[in-house]
Each structure stands twice: as structure tokens, then as C-alpha cells.
Protein chains: 2
Amino acid sequence: MNVQHGLDRLMKKGYKYTKKREDILRYFNQENRYWSAKDLLRSMRASHESISFDTIYRNLYLFVQLDILEVTDLNGEKHFRIKCDKHHHHFICLMCGITKEINLCPIHDVIKELPHYFIEDHKFEVYGTCPTCKSA
Amino acid sequence: MNVQHGLDRLMKKGYKYTKKREDILRYFNQENRYWSAKDLLRSMRASHESISFDTIYRNLYLFVQLDILEVTDLNGEKHFRIKCDKHHHHFICLMCGITKEINLCPIHDVIKELPHYFIEDHKFEVYGTCPTCKSA
DNA sequence: TTTTATAATCGTAATCATTCTTATTTACAA
DNA sequence: TTGTAAATAAGAATGATTACGATTATAAAA
């Protein structure tokens with residue numbers, strides 16, 4: 001999901017193009033990791049001095065709703081990242097924040113274990129230290 | 001982990017017995033589910049009218065630290081439940097909040113998949129509707 | 001190009017969960 | 001019974017997030 005794909009999806013749904021929206025997508029495309037709303041605000045202020053919290057949050061959740069970003073709770077704060085094309089989960093480095101795909105999803109086995117339950121969603125996250133931070 | 005076990009562990013570590021602490025443990029022992037700090041406060045006010053937020057949070061995190069309770073983030077709010085004796089994960093019903101053990105943990109396969117990573121923790125939660133709520 | 005409708009944004013106040021601070025009370029060991 | 005550290009109450013402070021009225025910008029129509 002690159003910047004252009006995100007913008008295309010946005011406009012196809014009738015939302016308007018703005019430079020801020022493009023820059024938000026650029027921000028998330030530059031690195032494979034989660035960022036908080038505050039992280040994004042800090043970066044955006046460099047090029048858009050008067051951008052407001054409202055714009056940050058409104059667009060973050062718009063992108064989540066359009067399946068362009070995904071969101072998770074990391075110690076009580078919402079964090080966002082580019083949505084991956086195929087379903088998978090992430091290892092998250094607690095030191096640098098970088099994420100790495102885990103190509104292993106246990107949900108199908110769980111469905112078998114819970115025959116009378118209706119399963120809507122699941123979350124699987126692994127936390128620790130990445131090789132780079134470990135050797136530093 | 002019943003009420004008496006929790007209190008024993010508490011006192012063995014040098015913390016004092018209080019009726020409030022006992023009642024907090026009773027609250028979590030009565031049902032197999034997560035409750036928020038606010039849920040607990042509401043219930044505690046029935047028998048301890050002037051109990052404060054501070055007492056609620058201080059004891060919740062004390063119990064987490066002593067491995068008597070476990071904590072998770074459910075849509076931006078911390079929720080707590082009795083810690084299970086053996087490691088496992090939970091299905092959480094989005095309608096009634098009840099939880100059910102999942103006897104399946106994928107972490108060992110993940111460790112194999114990430115040889116140069118140091119893994120400290122992981123979270124696996126499954127969300128949906130339990131059989132009781134589904135048929136209602 | 002100009003006009004128009006409405007989507008998007010700004011600036012700031014409000015809200016909500018959580019944490020902190022200070023004074024007071026309580027548990028329990030001596 | 002008394003002394004002392006732990007525990008608590010009350011409420012202020014904090015920090016993330018949401019809400020809101022006024023203003024500005026986008027995109028489509030004239």
C-alpha cells in the first residue's frame with residue numbers, strides 16, 4: 001500500500017485530495033513501524049505549522065476505516081502503521097519500534113478449538129528486541 | 001488463584017492486609033472476565049463509599065506486579081482479570097465480556113521463525129461472540 | 001474563469017482515563 | 001498501648017483523545 005494507492009482509494013470513495021493527507025501517507029510509508037498521533041503531529045508541523053490535533057486524528061481514523069492504516073494500542077497510546085497487503089502479524093521491537101512480519105497465524109486452529117463461538121477478530125503481537133538493538 | 005492465595009502472597013511479600021484488598025480480590029474471583037478500574041470502583045463503592053481512584057489503581061497494579069491479576073488494553077481502557085495458573089490466552093466475548101481459555105499458544109513456532117530476535121513477551125487475543133450471546 | 005456547495009481544517013475547549021500530591025488514617029510489630 | 005511505615009482519601013494535575021463553532025480549501029458546475 002504505497003502513497004498513490006492510498007490516495008486513489010481515498011478519492012474513489014469521494015474524499016478530497018489535500019496535501020496534508022498525502023503527507024500523512026508519506027510519513028507512514030517511509031518506515032516499517034508504528035507511530036503515535038503525537039509522532040505524526042510533530043513531523044507534520046515541520047511542513048504545516050498550524051495543523052491541528054483534529055486533522056491528525058480525523059485523518060488517522062479515516063485511513064483506518066479505509067483499510068489504508070492499521071491501529072494498535074501500545075501502552076495506553078494508539079499507534080498506527082501502513083496496512084499490509086496480506087494478513088499477518090508483527091514482532092515489535094521495544095527499543096527502536098521497528099516491526100517485522102510474522103508469517104504465522106494461529107487463528108485457524110483456534111476456530112477449530114472453539115466450535116460454537118463466532119470469531120470476529122484477533123490480535124497477535126510479539127514484543128522484544130530486534131537483532132540491531134540487541135547487538136548495540 | 002483464589003482470594004486466600006492472593007492474600008497470602010500479598011502478606012508474604014510484606015504488604016498489609018486490608019478489607020479493601022480482600023474485597024478487590026473477591027470481585028475478580030466471582031467471574032471469569034476482564035473488568036475496568038471504573039467497573040471495580042462502582043462495585044466497591046457499595047461497601048466502601050469513600051474509596052478513591054487512587055486506591056483502586058494502586059492496588060490493581062500492585063496485584064499485577066504480584067502476578068495475582070493480569071491486565072490488557074480493551075479499546076483504550078485498561079482491563080484486569082485473575083491471573084491464570086498456567087500460561088494461556090483468551091477468547092473475549094464482545095457482547096458480554098466473558099472470557100474463555102484458548103489452549104493453544106503459537107509463541108514457540110514464532111521463536112523458531114525469528115532466530116536473531118530476543119522475545120520478551122507476546123499477546124494473543126481472540127474477539128467475537130460467545131455461544132450464549134450468539135443464540136440470544 | 002467564476003461561482004457554489006460542502007468537505008476539510010483550525011483553534012481551542014471539553015472529556016475521560018489515569019497519575020500525582022498532601023494530609024490523614026490504619027495495620028501491626030514492639 | 002504506642003510508634004511508625006504503609007495505606008488511603010480527596011481532589012488537583014496530566015496526557016491522550018474528542019468535540020465544536022468559525023473559517024478555508026477542494027472540486028464540480030455554471
Side-chain angles (χ1 to χ4, degrees), chain A residues 6-27 34-66 68-81 97, chain B residues 6-27 34-66 68-81 97:
Chain A
L7 290 174
D8 288 348
R9 183 172 302 182
L10 188 78
M11 305 192 64
K12 194 155 45 180
K13 296 267 181 171
Y15 295 96
K16 292 180 177 171
Y17 166 88
T18 68
K19 185 66 167 57
K20 294 192 181 77
R21 283 176 169 165
E22 179 176 346
D23 288 353
I24 291 174
L25 291 183
R26 280 194 196 292
Y27 181 72
Y34 284 95
W35 297 105
S36 69
K38 203 169 30 158
D39 292 331
L40 174 61
L41 182 76
R42 190 178 301 122
S43 166
M44 291 290 286
R45 289 259 205 230
S47 44
H48 306 271
E49 334 178 355
S50 62
I51 193 169
S52 72
F53 266 111
D54 190 71
T55 302
I56 297 289
Y57 282 104
R58 187 167 20 75
N59 284 310
L60 283 174
Y61 285 106
L62 174 63
F63 288 141
V64 169
Q65 183 195 310
L66 294 177
I68 294 166
L69 294 181
E70 59 183 70
V71 58
T72 195
D73 235 294
L74 297 176
N75 47 287
E77 207 176 345
K78 293 285 198 317
H79 284 69
F80 303 82
R81 56 161 290 139
Chain B
L7 290 174
D8 289 348
R9 182 172 300 181
L10 189 77
M11 305 194 64
K12 193 155 49 184
K13 297 267 182 171
Y15 294 97
K16 294 180 177 169
Y17 166 87
T18 68
K19 185 64 166 59
K20 293 192 182 76
R21 282 176 171 164
E22 179 177 346
D23 288 353
I24 291 173
L25 291 184
R26 280 195 195 293
Y27 181 71
Y34 284 96
W35 297 104
S36 70
K38 205 169 27 155
D39 293 331
L40 174 61
L41 182 76
R42 191 178 300 123
S43 165
M44 292 289 286
R45 285 263 156 104
S47 42
H48 307 270
E49 336 179 353
S50 62
I51 193 170
S52 72
F53 264 111
D54 189 73
T55 300
I56 296 290
Y57 280 105
R58 187 167 20 75
N59 285 309
L60 283 174
Y61 285 107
L62 174 62
F63 288 141
V64 169
Q65 183 193 311
L66 295 177
I68 295 167
L69 294 182
E70 58 184 74
V71 57
T72 195
D73 235 294
L74 297 176
N75 48 284
E77 206 177 346
K78 294 284 197 316
H79 284 68
F80 303 82
R81 56 161 290 137

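Within every chain, numbering begins at 1; the chains are lettered A, B, ... in the order of the sequence lines, protein sequences first and strands thereafter.
- Distances shown here put every side-chain N or O of A/T55 at or beyond 4.0 Å from the OP1 or OP2 atom of C/dA8.
- In this structure, the nucleotide among C/dT18, D/dT17, C/dT9 sitting nearest to the side chain of A/N59 is C/dT9.
- Nearer to the 5' terminus of DNA chain D, by closest-nucleotide assignment, is the contact made by A/H79 (compared with the other of A/M11 and A/H79).
- Listed for the A/R42 side chain is no donor-acceptor partner under 3.5 Å among the backbone atoms of A/A37.
- Minimum interatomic distance between A/L10 and A/K16 (heavy atoms only, all atoms of both residues): CD2-O, 3.7 Å.
- The side chain of B/K16 lies closest to D/dA6 when the candidates are C/dT9, D/dA6, C/dA8.
- Put simply, A/K38 has a side-chain N or O that comes within less than 4.0 Å of OP1 or OP2 on D/dA16.
- An OP1 or OP2 oxygen of D/dA7 is reached within less than 4.0 angstrom by a side-chain nitrogen or oxygen of B/R21.
- Here A/T18 reaches the OP1 or OP2 of C/dT9: one of its side-chain N or O atoms lies under 4.0 Å away.
- Using a 4.0 Å cut-off between charged nitrogen and carboxylate oxygen, A/K12 and A/D8 do not count as a salt-bridge pair.
- Among A/W35, A/Y27, A/F80, the single residue meeting the side-chain contact (heavy atoms from CB on, under 4.5 Å) criterion with A/L40 is A/Y27.
- Between A/K19 and the phosphate of C/dA8, there is no side-chain N or O to OP1/OP2 separation shorter than 4.0 Å.
- For D/dG11, neither phosphate oxygen OP1 nor OP2 lies less than 4.0 angstrom from any side-chain nitrogen or oxygen of B/S52.
- Dashed line: the shortest gap from a side-chain N or O of B/R58 to OP1 or OP2 of D/dT8 is under 4.0 Å.
- Side-chain N/O atoms of B/Y57 include one lying less than 4.0 angstrom from OP1 or OP2 on C/dT18.
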